[in-house]
Participant: 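Provided herewith is a single structure, encoded as structure tokens, for subsequent inquiry.
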2 protein chains.
Amino acid sequence: MTDPLAAGTATAAPLYREVRRLLTASLQAREWEPGAALPSEARLAQRFRVSIGTLRRAVDELVAEQVLVRQQGRGTFVATHGPSRLMFQFFRIVGANGERDLPEPELLAFERGRAEAREAAALRIAPGERVLRIRNLLRLGGEPIVLDDIVLAQRLFPDLAEKAFRERDSTIYGFYQTRYGINVVHASERLRAAAADRASARILKVAPGAPLLEIHRLAMTYHDAPVELRRSRVNTAHHAYSSELGKSPAR
Amino acid sequence: MTDPLAAGTATAAPLYREVRRLLTASLQAREWEPGAALPSEARLAQRFRVSIGTLRRAVDELVAEQVLVRQQGRGTFVATHGPSRLMFQFFRIVGANGERDLPEPELLAFERGRAEAREAAALRIAPGERVLRIRNLLRLGGEPIVLDDIVLAQRLFPDLAEKAFRERDSTIYGFYQTRYGINVVHASERLRAAAADRASARILKVAPGAPLLEIHRLAMTYHDAPVELRRSRVNTAHHAYSSELGKSPAR
DNA sequence: AAGTGGTCTAGACCACCAT
DNA sequence: TGGTGGTCTAGACCACTTA
């Protein structure tokens, strides 16, 4: 194998990282559609001119981040944002006994606006740039539990209209993925307790001033590029946010 | 290599899992002290009669769970519960700008009691069994921010007295590890928003009824055996709980 | 210089899935 | 039966730490 970085610039990155980078680039370029199978590991190893072990190590990392999914005997697939991925990765609200229900969404508002300073900084766009503001209610077991206020850079979602958003046939991240080729791969959240303002209280059917769990989330695609800013307010009277510390996801 | 499970009982577990099990057993038996180096990978591979690749795979998993720590050129070490592990794995409270401070603890109460039904179920002991109840305040930047109520099965911590707990020279989990050989390796948490009761409000210097972030944590050692039950109340006026979704820790 | 973990390879064999 | 991913091996070479 020829050294990919022969010059003496510090220490060369390991080969499997370079292979991972190439795989990610192909995913970004939509060389393989969401849900589709990648070429076999043997073929990919040939293509990148590495051993199968090195190729597998690169795929291992993308599988760990749930960007790819392996199925023994069948192949390796581009992960889709279906209900199961939502529940495993992006929806952490559980019932009193730890049980998880699929949330039922209701679109409350869909508006166009301009980015405020803090929103612009988080989304890495210019202050005042056009944004979409979406208000979405999630019900669990019929009860209104989560109120989401979503901000998107309009530039990333050209032509997105309320009708298309409302009539999507999948999760929100699934919609981003299939309609706009934007694959949310991780998110960073900050949680606080806050008193319910009047509007939130009315929608969530709690008393004004009641304690709500407030979550600020920045969802990102490859290379930590920001995609979506979201503020959630959760009625935690009969639900909770679940967090696991120091345990590898699944096994 | 002889098959470790020759009989036809379903599918045999992979060899690296068996090696991992043996390593975990040695750790539980304190064959290597916290902070001490394990034998080299070559020697461990010889000992377990596996190839170095298989041995490394077992160690990989324990490193991913932060039970072991690798240092290139030096060796592989039993992870200790020092300040850095606290901050990376078990303390998720950050400031308004995301900065992390080391909390300064103050012991408020140390009492003996009996396990209530829910506590007993969580700790997997009998209802009414002896427990220790510890109330601990954490300050950040001098301000009281987190109030912890800790419940321990006395059986796991024989002879534990207030003085020893108060005068410990490390984190609480470091104390469990060095004094009792109990290594907390992961924890499961449930977060809610709740109104401050009078006692909490006084200690955290907030108004009674102010919204607090309430965290119920069950800390576990190897094989998910429960160790500690903890309820935290956090003043999130100037701090937040940080959560990363779908990102491998560190890299 | 010696010892450690980190990377990479090449190949064998197994388990599982589709046909 | 053929193709896929999953496991395991044996060995070479590199990077880093310590003395």
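Chain letters run A, B, ... following the sequence lines, proteins first, then strands; residues in each count from 1.
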Participant: What are the atom names and distances for every N/O pair under 3.5 Å that joins the protein to nucleotides 4-6 of chain D?
Facilitator:
unit_1, atom_1, unit_2, atom_2, d
D/dT4, OP1, A/Arg43, NH2, 2.8
D/dT4, O2, A/Gly73, N, 3.4
D/dG5, OP1, A/Thr76, OG1, 3.3
D/dG5, OP2, A/Glu41, N, 2.9
D/dG5, N2, A/Gln72, NE2, 3.3
D/dG6, OP2, A/Arg56, NH1, 3.0
D/dG6, OP2, A/Arg56, NH2, 3.2
D/dG6, OP2, A/Arg70, NE, 3.0
D/dG6, O4', A/Gln72, NE2, 3.3

Participant: Would you tell me if any nitrogen or oxygen in the side chain of B/Thr54 comes within less than 4.0 Å of OP1 or OP2 on D/dT7?
Facilitator: no
Participant: What is the distance from CG of A/Leu55 to C1' of D/dT7, rounded to the nearest Å?
Facilitator: 16 Å
Participant: If you measure only the distance, is there a donor-acceptor pair under 3.5 Å linking the side chains of B/Glu228 and B/Tyr173?
Facilitator: yes
Participant: Is B/Arg139 paired with B/Glu104 through a side-chain N to carboxylate O contact shorter than 4.0 Å?
Facilitator: no
Participant: Report, one line per pair, each donor and acceptor closer than 3.5 Å where one atom sits in a side chain of residues 72-84 of chain B; sequence neighbours left out.
Facilitator:
unit_1, atom_1, unit_2, atom_2, d
B/His81, NE2, B/Arg85, NH1, 3.4
B/His81, NE2, B/Asn183, OD1, 3.1
B/His81, NE2, B/Val184, O, 2.8

Participant: Find the distance B/Arg20:CZ to D/dC8:C1' and express it as a whole number of Å.
Facilitator: 19 Å
Participant: Using atom CG of A/Leu15 as one end and atom C1' of D/dC14 as the other, report the distance to the nearest whole Å.
Facilitator: 13 Å
Participant: Using atom CD of A/Gln46 as one end and atom P of C/dT9 as the other, report the distance to the nearest whole Å.
Facilitator: 13 Å
Participant: Figure out the CG/P separation between B/Leu62 and C/dG5, and round it to whole Å.
Facilitator: 14 Å
Participant: Taking 4.0 angstrom as the limit, do A/Glu167 and A/Lys163 come out as a salt bridge?
Facilitator: yes
Participant: In whole angstrom, give the distance that lies between atom CD1 of A/Ile52 and atom P of D/dG3.
Facilitator: 14 Å
Participant: Mind calculating the distance between CZ (A/Arg49) and P (C/dA10) to the nearest angstrom?
Facilitator: 12 Å
Participant: Between the main-chain N or O of A/Asn97 and the side-chain N or O of A/Glu99, is there a donor-acceptor pair closer than 3.5 Å?
Facilitator: yes
Participant: Does A/Arg168 make a cation-pi contact with A/Phe165, if we ask for NZ or CZ under 6.0 Å from the ring centre and within 45° of the axis?
Facilitator: yes
Participant: Send over the distance from B/Phe48 CZ to D/dC8 P, rounded to a whole Å.
Facilitator: 15 Å
